[in-house]
Colleague: 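Pasting a structure below so you can have a look.
Indexing begins at 1, ligand by ligand and atom by atom, following the structure's order.
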Amino acid sequence: VAPSQLQAEIERIAVSLSGAHPKRSAFSTRRLEDAAMAFVGQRPEIQAALFRVVDVAPVCRSHADVGAHLVALLPYDDASRLLDQVVQIGRGQLGRNVLGRVASLIVRRMARRFIIAERPDLATRALSGLWHGGVAHSLDLLGEMTVMSAEADRYAVRCLGAIETLSRLVRTWQPQALLERDSAGIIPRANLSVKVSALTGLQRAEAPTRIAEDVRPRLQRLLRAARERDVHVHIDMESLDWREGILRVVLDLLSETEFRSGPSIGLVLQAYLTDSSDQLDQLLKWQDVVARRQPLTIRLVKGAYWDHEVIDAQLNGWTVPVWNEKRATDRQFELLTRRLIDASPMIRLAIGSHNLRSVAHALAYARAVGVKASDVEFQVLRGLGDDLQAALQHSGLRVRTYCPIGDLIAGMAYLVRRLLENSSNDSFLVKRAQGTDLRELLVSP
Ligand SMILES: Cc1cc2nc3c(=O)[nH]c(=O)nc-3n(C[C@H](O)[C@H](O)[C@H](O)COP(=O)(O)OP(=O)(O)OC[C@H]3O[C@@H](n4cnc5c(N)ncnc54)[C@H](O)[C@@H]3O)c2cc1C
């Protein structure tokens with residue numbers, strides 16, 4: 001494909017998708033929230049204070065308590081009149097109370113934006129609404145950190161419950177051809193994302209064999225239930241130290257005769273890892289050897305643990321395993337996109353990105369090499385990718401929304417992770433919220 005032709009097509013698709021974003025007034029709550037996130041992104045000291053407040057908010061006993069923490073944690077900065085005023089307001093008991101109320105309200109609102117419901121059985125209306133509006137789902141059960149076997153057992157039981165709830169729910173749904181069929185065949189309606197680290201009480205990932213042994217019985221039960229109830233299981237990818245343990249237990253189990261016929265399975269490839277191309281080679285080789293009935297789905301993402309990977313490697317004197325430039329990650333994402341599209345329909349590709357350039361590149365390349373758009377799935381995070389979700393659905397493309405489930409405390413922990421990821425100045429969404437011109441963001445990496 002000629003690069004200039006591909007670029008022209010990418011720009012055309014991205015502009016068209018951007019035009020299909022829902023129109024929001026400049027004063028809509030959503031626009032104000034996005035602007036606030038972009039503002040926080042430019043002020044690391046406010047960012048740090050807010051993260052700490054979100055951390056302590058669940059255990060605060062009163063609004064004044066939250067207000068007091070906020071004032072104590074905010075950096076005192078003569079240069080910022082806004083901060084100065086906030087600190088002044090928080091000097092008195094009444095002021096602290098008001099500040100605390102406002103902060104709690106914002107934190108709760110933001111957490112609700114990202115989580116779909118407290119429990120799977122409370123999410124059924126929202127999930128049915130998505131489906132009949134042309135959008136598929138993947139459910140993600142949030143939890144606090146798993147530090148004991150009993151918690152890992154509890155997470156497994158919650159996953160089994162979600163499989164049961166989803167399988168019953170989707171039977172009542174009207175057919176949606178685009179969402180449940182591609183060139184490789186039937187795509188299960190029900191979809192659950194699973195974190196392997198939550199299936200073990202072992203907190204350190206340095207011994208992959210032990211991790212795999214500990215996770216195995218719980219994951220085996222999940223896979224059996226998912227196969228019987230036709231639920232797709234998507235294994236999320238976590239920080240690099242977990243990768244070996246995760247892949248070992250998942251690929252070993254899936255290689256067994258028992259699981260050749262199902263369930264439908266997905267893995268995640270993180271383009272920010274410098275060895276991600278080798279990782280893809282290994283997955284393609286594995287899929288060739290272990291002829292499973294359904295093709296593996298690969299959710300291609302950039303990776304959510306960039307700061308962690310850099311700091312962890314530096315602290316330990318290791319080679320940093322991620323690209324050190326955003327452009328390099330973007331370039332790798334496009335390279336892997338092309339390789340995965342070339343492997344279609346032997347592999348099902350899901351593009352997990354909110355970056356219009358990355359999304360448009362996948363569509364443009366698929367069209368250029370004659371792969372149907374319906375053979376590429378697009379995945380977005382609830383709360384962050386809502387506008388892109390609407391644009392993709394409106395454009396007749398298959399979109400799946402990753403829907404976290406959990407209570408407020410779990411929601412807040414998730415919120416902190418999403419904020420950390422999206423307050424980075426390099427983030428596509430932040431640049432858009434700051435008003436960067438779309439054309440500038442569509443330049444080839
Ligand atoms: C449906 C869905 C599921 C996901 N599941 C997972 C998962 O299982 N595991 C996981 O790790 N992530 C997952 N993610 C998150 C994903 O990895 C990205 O963090 C997130 O989507 C932001 O990428 P983007 O393409 O939307 O935005 P962009 O703004 O284009 O990219 C931001 C990303 O670029 C990379 N980056 C930022 N700064 C630098 C730098 N200086 N040098 C090099 N690279 C840099 C980081 O990976 C950062 O997240 C998921 C995302 C979605 C939408």
Colleague: Would you please name every residue forming a ring pair (Phe, Tyr, Trp, His ring centres under 6.0 Å) with Trp323, sequence neighbours left out?
Modeller: none

Colleague: Name the option, out of Asn355, Thr274, Asp426, that contains the heavy atom nearest to atom 30 (O) of ligand 1.
Modeller: Asn355

Colleague: Looking only at heavy atoms, is any part of Val268 under 4.0 Å from ligand 1, and if so is it the side chain, the backbone, or both, or is it neither?
Modeller: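 Contact part for Val268 vs ligand 1: side chain (C-beta onward).
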
Colleague: Considering only heavy atoms, does Tyr272 approach ligand 1 within less than 4.0 Å through its side chain, its backbone, both, or neither?
Modeller: side chain

Colleague: Is it the case that ligand 1 has an N or O less than 3.5 angstrom from some N or O of Val380?
Modeller: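 No, since none of the N or O atoms of Val380 sits under 3.5 Å from an N or O of ligand 1.
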
Colleague: Out of all atoms in ligand 1, which are within 4.0 Å of some heavy atom of Trp323? Include the element for each.
Modeller: 42 (N), 43 (C)

Colleague: Is Lys372 salt-bridged to Asp182, cutoff N-O under 4.0 Å?
Modeller: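 Looking at Lys372 and Asp182, the cut-off is not met.
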
Colleague: For ligand 1, which atoms sit closer than 4.0 Å to a heavy atom of Asp236?
Modeller: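 Under 4.0 Å from Asp236, ligand 1 has these atoms: 8 (O).
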
Colleague: Using a 3.5 Å distance criterion without hydrogens, assess whether the side chain of Asp375 forms a donor-acceptor pair with backbone atoms of Ser183.
Modeller: yes

Colleague: Would the distance check show the side chain of Gln287 and the main-chain N or O of Met346 forming a donor-acceptor pair, the cut-off being under 3.5 Å?
Modeller: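 Yes; judged by distance alone, with no hydrogens or angles, the pair exists.
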
Colleague: Tell me every residue that passes ring pair (Phe, Tyr, Trp, His ring centres under 6.0 Å) with His361, counting only those two or more places apart in sequence or in another chain.
Modeller: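 For His361, no residue satisfies ring pair (Phe, Tyr, Trp, His ring centres under 6.0 Å) once neighbours in sequence are set aside.
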
Colleague: May I ask whether Gly303 places a heavy atom under 4.0 Å from ligand 1?
Modeller: yes

Colleague: Would Lys302 count as a cation-pi partner of Tyr272, with NZ or CZ less than 6.0 Å from the six-membered ring centre and within 45° of the ring normal?
Modeller: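 No, cation not above the ring by the 6.0 Å, 45° rule.
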
Colleague: Under the criterion side chain to side chain contact (heavy atoms under 4.5 Å, CB included), I'd like the reasoning laid out for Glu377 against Arg348: C-alpha separation, chi angles, the key distance, then a yes or no.
Modeller: CA-CA 8 Å; Glu377 179 168 295; Arg348 282 182 160 141; over 6 Å; no

Colleague: Checking contacts here: is it the side chain or the backbone of Gln270 that comes within 4.0 Å of ligand 1, counting heavy atoms only? Could be both or neither.
Modeller: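 Only the side chain of Gln270 comes within reach of ligand 1.
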
Colleague: Ignoring hydrogens, just give me the one of Arg299, Arg382, Lys302, Gln379 whose non-hydrogen atom is nearest atom 4 (C) of ligand 1.
Modeller: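 That would be Arg299.
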
Colleague: Between Tyr305 and ligand 1, which residue portion shows a heavy-atom distance shorter than 4.0 Å: side chain, backbone, both, or neither?
Modeller: side chain

Colleague: When only distance counts, is Tyr402 in polar contact with ligand 1, meaning an N/O pair under 3.5 Å?
Modeller: no

Colleague: Could you tell me whether Leu429 and ligand 1 have an N or O pair separated by under 3.5 Å?
Modeller: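 No; the residue has no nitrogen or oxygen that sits under 3.5 Å from a nitrogen or oxygen of the ligand.
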
Colleague: Under 4.0 Å from a heavy atom of Thr329: give me the atoms of ligand 1 that qualify, with their elements.
Modeller: 43 (C), 44 (N), 45 (C)

Colleague: Would you tell me whether Asp342 and Tyr365 have side-chain atoms, one donor and one acceptor, within less than 3.5 Å of each other?
Modeller: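 Yes - a donor-acceptor pair under 3.5 Å links their side chains.
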
Colleague: Would you say Val322 contacts ligand 1, with heavy atoms under 4.0 Å as the rule?
Modeller: no

Colleague: Measure Arg400 to ligand 1 on non-hydrogen atoms and call it side chain, backbone, both or neither using the 4.0 Å cut-off.
Modeller: neither

Colleague: Hey, looking at atom 28 (P) of ligand 1, which of Lys195, Lys431, Lys326 has the closest heavy atom?
Modeller: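 The nearest heavy atom belongs to Lys326.
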
Colleague: Does one side chain, of Gln393 or Arg398, offer a donor that lies under 3.5 Å from an acceptor on the other?
Modeller: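 Side chains of Gln393 and Arg398: no pair found under 3.5 Å.
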
Colleague: Verify the distance criterion only: is there a donor paired with an acceptor across the side chains of Ser239 and Asp241 at less than 3.5 Å?
Modeller: yes

Colleague: Regarding atom 51 (C) of ligand 1: of the candidates Thr401, Asp330, Leu381, which has the closest heavy atom?
Modeller: Leu381

Colleague: Hey, are Arg224 and Glu258 close enough for a salt bridge, meaning a charged N less than 4.0 Å from a carboxylate O?
Modeller: yes

Colleague: Applying a heavy-atom cut-off of 4.0 Å, say which part of Asn324 lies close to ligand 1: side chain, backbone, both or neither.
Modeller: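 The part of Asn324 near ligand 1 is the backbone, not the side chain.
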
